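Structure, as structure tokens:
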Number of protein chains: 2
Amino acid sequence: MLSQAEENYLKEIYALEEETMQLVSTNALAEKMRTKASSATDMLQKLAQKALVDYTKYRGARLSSKGKSKAITIVRKHRLWETFLVEKLGFNWDEVHDIAEQLEHIQSQSLTDKLDAFLEYPSFDPHGHPIPNVNGKIVASDSILLSELNVDEEGILVAVKDSSDGFLKYLSKINMTIGDHIKVLDIEAFDNSVTIENNTTRLSISGNVAKNLYIKRL
Amino acid sequence: MLSQAEENYLKEIYALEEETMQLVSTNALAEKMRTKASSATDMLQKLAQKALVDYTKYRGARLSSKGKSKAITIVRKHRLWETFLVEKLGFNWDEVHDIAEQLEHIQSQSLTDKLDAFLEYPSFDPHGHPIPNVNGKIVASDSILLSELNVDEEGILVAVKDSSDGFLKYLSKINMTIGDHIKVLDIEAFDNSVTIENNTTRLSISGNVAKNLYIKRL
DNA sequence: AAATATATTTAGTCTTATCTAAATTTGCTG
DNA sequence: CAGCAAATTTAGATAAGACTAAATATATTT
Ligand SMILES: [Mn+2]
Ligand SMILES: [Mn+2]
Ligand SMILES: [Mn+2]
Ligand SMILES: [Mn+2]
């Protein structure tokens, strides 16, 4: 059985691999885990020892198939719990991450499966992220970042990239949520800020914000 | 914030105090925690240091009011989660203890409160044990053990004392659950076994079983 | 290709929670 | 009340996971 620390590292290695499509470096991992490079090295050595990652000294690591399957199980639990917290307990989408960070470590296959059934097998969590099914299968997404849209293009906001408290609270403040219909009205060349129309409201968002919103083209 | 180990010890000290109404001894605590006396001593010293227990070397320990309130919070969470698992997810009452043993350590006051509301503020868990309310208040019980009933007395099974898997599975097997109407037909003097009528069925249970069933007299 | 900068690993320390073995205290018995 | 047994504490070790400082490897510049 894996410790919570091991599980958290596996999940982060998985996320970094998906994001960069490259070997995960010690520094990148340490930064995400908010720890020191030496700690990341220790953990990579241990995970390699347990055959959960393929790790080459000084070069970086990637998940083994065993490690990947563990990581997906944890992601599945995390997203199911987030969905439970929002759908059943009435939390806001910006309140659930830290709680799910704990709940994802509860060890019980039958609990996960019954929770999944109770929620009626959801495909996406409150942030629009896909929930792996019981076999670890994840629905492919053809969404792109809002920053990649051109003027006059439209789409539906299907997910956020950054799901930090701060970003989610900002979105709530500007009244933007998953499912919104968005149209690009203008793009400022000098700072990449984007003027959009959303819910018949016109507003301007920074380039950084635009890079954290996943849109499905209409 | 308390570690899981500290929380588990606090909960067990609380249970032992309630059960024996005496100072908790190192050996008794170690046995319940399935650890060694030296480990229990270490933990008692740490808990005393944190003012969660009043502890006198060689004499034993009792919870401080701070420690008791922590313990009750953990018991509250444990029993709320057990109720959730049975009522909402469809687990059997003999499957939930180990999962709740993990869930009780999730840190989030608002989660506990929202879960309580979602379950409509239950007063008892699936084993008939009272659930402390948000202020730590526990409903007093006037139930007695089945072993204390005399021949011809009747009552309702309101709770189990032993809530181990094995005991609960046994009760399921003989078709006995919380809420059953039970009448004592006969008591064997030589081994304290009890013949009862339950659900119009007559059956015999051992003295040990009778000592683990809480009955409310009719 | 050497020099420098950056990334990574290693060595050694710390804390928590466990254990075994040894020392100490308490409590009971003769 | 002395002596022994049981209960409890202390001492010393171990493992996980973190940290700092030092060593080493890799990458970038001249
Ligand atoms: Mn986590
Ligand atoms: Mn999410
Ligand atoms: Mn527990
Ligand atoms: Mn219970």
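Given the structure is predicted, the values throughout are model-derived calculations rather than measurements. To find a chain, count down the sequence lines: A is the first, B the second, and so on, and within it residues start at 1.
- If you check the side chains of B:Ser164 and B:Asp162, you find a donor sitting under 3.5 Å from an acceptor.
- Residue A:Ser38 places a side-chain atom within donor-acceptor reach of the base of D:dT20, judged by atom type and a 3.5 Å distance cut-off alone.
- Residues B:Arg34 and B:Glu12 are not paired through a salt bridge, judged by the lack of any N-O separation under 4.0 Å between the basic side chain and the carboxylate.
- Relative to the side chain of A:Arg59, the nucleotides D:dT26, C:dT8, D:dT10 differ in distance, and D:dT26 lies closest.
- Considering only the side chain of B:Tyr55, D:dT9 comes nearest among C:dT26, D:dA18, D:dT9.
- The side chain of A:Lys57 lies closest to C:dT9 when the candidates are D:dT10, C:dT26, C:dT9.
- B:Thr41 comes within 4.0 angstrom of a nucleotide base, judged by non-hydrogen atoms across all strands.
- With distances taken from any side-chain atom of B:Gln45 to the nucleotides D:dT8, D:dT10, C:dT8, the minimum falls on D:dT10.
- Within the 4.0 Å cut-off from OP1 or OP2 of C:dC19, at least one side-chain nitrogen or oxygen of B:Ser39 is found.
- Each of B:Asn27 and A:Ala5 has a nearest nucleotide on DNA chain D; the 5'-most of these lies closest to B:Asn27.
- Salt bridge annotation for A:Lys11-A:Glu104: present, with a cationic side-chain nitrogen under 4.0 angstrom from a carboxylate oxygen.
- Note on A:Asp113 versus A:Arg76: salt bridge recorded, some NZ/NE/NH1/NH2 to OD/OE distance being below 4.0 Å.
- Here the nucleotide nearest the side chain of A:Tyr58, chosen from D:dT20, D:dA25, D:dT10, is D:dA25.
- The side chain of B:Asp42 sits closest to C:dC19 out of C:dC19, D:dT26, D:dA18.
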